There are 2 protein chains.
Amino acid sequence: MQSRSTGTTVSAGSSTKDAIRDAALELFRAKGFEQTSLREVADVVGITKASLYYHYASKQDLLGAIIDPIIEHMRSMAAEVDGIRWSGASVRTVLRDYLRGIVRHRHAGALLLRDTVAIINALNDRYPDWVDSTEQLRGWLAGPVPTDESKLRAVAALEVITVALVSTEYAPGAPDELVEGILLDCAVTVLDGFADR
Amino acid sequence: MQSRSTGTTVSAGSSTKDAIRDAALELFRAKGFEQTSLREVADVVGITKASLYYHYASKQDLLGAIIDPIIEHMRSMAAEVDGIRWSGASVRTVLRDYLRGIVRHRHAGALLLRDTVAIINALNDRYPDWVDSTEQLRGWLAGPVPTDESKLRAVAALEVITVALVSTEYAPGAPDELVEGILLDCAVTVLDGFADR
DNA sequence: GTCTATATACCGATAGAC
DNA sequence: GTCTATCGGTATATAGAC
């Protein structure tokens, strides 16, 4: 659909469309979605705003290209959890899988975490059931007989997971395996109320 | 500076200036700071946009009136921590005080948490050293000899504390004392790596 | 203190030439 | 696929009457 064409220097082996997406992610993360104009994105890429519209039909489309993968990950986790019996072991497995996906989509996740209001406002037409997904996962983690305490611990555990999104800022040298191990331990501990190692 | 004047019916025992601040906080929380226009705020209060500018010199001024108290709390915690020797007991005390302040400024805190990028962008002139404050608290919590693990655990512990900002959404019936007790336990546990109760 | 009216600027999006 | 030019809308902020 997109010919590799002649050896133009848009970006190392990447199309203009991808270059726009990458530049937008960087700017959205630094300045926020609403605070970033498409003119600024186009300037970074080296094209005009009108050219950008050739590749993306709207600003929401561009945001969708960035956010889609991590939203899909969250949605699939919520669906998967529906058929899993709650237990100490399955809780750890679910949190581990969730954490791994978060790490994989780290950059988009950091945007989603820090600019939640603007992004949800812009994309609640595209993802009408995203809030329900997060709610479902939270409810499952709180256990079959939720109490105020187990609900709060579930929220706290998910909050701990999100630290993976910004781990490179605070522990730049730590490899992903270490980050995943520590945060999974923290999240499980928060849910249980005591460590099980 | 602001005469109580005659008994006008601006709001129950409150000035117009306060009514503007309260309406703005509610709208900013629901729609985000940048997504909320001063015209909308003025409409809720029942005045025009021009009248609003009589009370607040700019949109940033209005945001500052909302955010100032919690920023000041964070700054004072960071300053206080500078003279405290790090220990298991002092860590718990600091986290408890921090958590109590967060609960006290819950509404402004929830705005700050969910619209971080927009708010920091709007107010980084007014609070040039706010990021340093949070960094200082985080560094102290990580202990006298920080490792990648202790740094990550410090970030995670502070992240757990922020759950207090949205606790009323997920555990509406829980009293503040219960919320504070649970979250303090979670945060301390995350920092230690095992419970100490 | 509140109003109407307006200045100024930028935004997202489109039209149409090349 | 990229450009120039522009439309329609809305935003913050101000001027000046009452």
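On a predicted model such as this, the values are computed, not experimentally measured, just so you know. Numbers restart at 1 for each chain; the letters A, B, ... are given by sequence-line order, proteins then strands. These values consider heavy atoms only, across backbone and side chains, with no hydrogens, waters or symmetry-generated copies.
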A.B. asks: Please compare B:I47 and A:F33 by the position of their nearest nucleotide in DNA chain C and report the one closer to 5'.
C.D. replies: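 Looking at the nearest nucleotide for each, B:I47 comes out on the 5' side.
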A.B. asks: Less than 4.0 angstrom from a charged side-chain N to a carboxylate O is my criterion; do A:R153 and B:D185 meet it?
C.D. replies: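 The answer is yes: the pair qualifies as a salt bridge.
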A.B. asks: For C:dG1, take OP1 and OP2 only and decide whether either is under 4.0 Å from a side-chain N or O of B:S51.
C.D. replies: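 Answer no for this pair, as no side-chain N or O of B:S51 is under 4.0 Å from OP1 or OP2.
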A.B. asks: Figure out the OH/C1' separation between A:Y56 and D:dT2, and round it to whole Å.
C.D. replies: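 That distance rounds to 16 Å.
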A.B. asks: Could you give the NZ-to-P distance, from B:K49 to D:dA11, as a whole number of Å?
C.D. replies: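 Nearest whole value for this atom pair: 7 Å.
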A.B. asks: Could you give the CD-to-P distance, from A:Q35 to D:dT10, as a whole number of Å?
C.D. replies: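 Result: 19 Å.
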A.B. asks: I'd like to know whether CD of B:E26 has more than 12 heavy-atom contacts from other residues, nucleotides or ligands below 6.0 angstrom.
C.D. replies: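 No - once you tally the heavy atoms of other residues, nucleotides and ligands closer than 6.0 Å, there are 12 at most.
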A.B. asks: Using whole Å, report how far NZ of B:K17 lies from P of C:dT2.
C.D. replies: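 It is 12 Å, rounded to the nearest whole Å.
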A.B. asks: Please give, in whole Å, the distance from D:dT4 C1' to A:L52 CG?
C.D. replies: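 About 16 Å, once rounded to whole Å.
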A.B. asks: What is the distance, rounded to the nearest whole Å, between atom CZ of A:R39 and atom P of C:dA13?
C.D. replies: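 It is 17 Å, rounded to the nearest whole Å.
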A.B. asks: Could you tell me the separation between the CZ atom of B:F33 and the CD1 atom of B:I67, rounded to the nearest 0.5 Å?
C.D. replies: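 So the gap between those two atoms works out to 9.5 Å.
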A.B. asks: Answer yes when B:R126 and B:D61 have at least one side-chain N-carboxylate O distance shorter than 4.0 Å, and no when they do not.
C.D. replies: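 Yes, B:R126 and B:D61 are salt-bridged.
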A.B. asks: Is the closest basic N to carboxylate O distance between B:D68 and B:R21 below 4.0 Å?
C.D. replies: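 Result for this pair is no, no salt bridge flagged.
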A.B. asks: Under 4.0 Å between a side-chain N or O of B:Y54 and OP1 or OP2 of C:dT2?
C.D. replies: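 So the side chain of B:Y54 is outside the cut-off, no N or O lying under 4.0 Å from OP1 or OP2 of C:dT2.
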A.B. asks: Whole Å only: how far is the OH atom of A:Y53 from the P atom of D:dT4?
C.D. replies: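 One finds 17 Å between P of D:dT4 and OH of A:Y53, rounded.
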A.B. asks: Within the structure, does a side-chain N or O atom of A:T48 lie under 4.0 Å from either OP1 or OP2 of D:dT2?
C.D. replies: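 Answer no for this pair, as no side-chain N or O of A:T48 is under 4.0 Å from OP1 or OP2.
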A.B. asks: Near DNA chain C, counting only heavy atoms under 4.0 Å, which residues of residues 57-65 of chain A show up?
C.D. replies: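 Contacts with DNA chain C under 4.0 Å: A:S58, A:K59.
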A.B. asks: Provide, to the nearest angstrom, the distance between the CD atom belonging to A:E34 and the C1' atom belonging to D:dG9.
C.D. replies: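 Taking CD of A:E34 and C1' of D:dG9, I get 15 Å after rounding.
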A.B. asks: With distance as the sole test, does B:R29 use its side chain to make a donor-acceptor pair with the main-chain N or O of B:L111 at under 3.5 Å?
C.D. replies: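 Pair absent, no side-chain N/O of B:R29 close to backbone of B:L111.
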A.B. asks: Is there a side chain to side chain contact (heavy atoms under 4.5 Å, CB included) between A:L27 and A:V44 once you walk through the steps?
C.D. replies: CA-CA 9 Å; A:L27 283 169; A:V44 168; 3.9 Å; yes
A.B. asks: Measuring from the side chain of A:A50 (C-beta onward, heavy atoms only), which nucleotide among D:dA5, C:dC3, D:dA11 has the closest atom?
C.D. replies: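 So the side chain of A:A50 is nearest to D:dA5.
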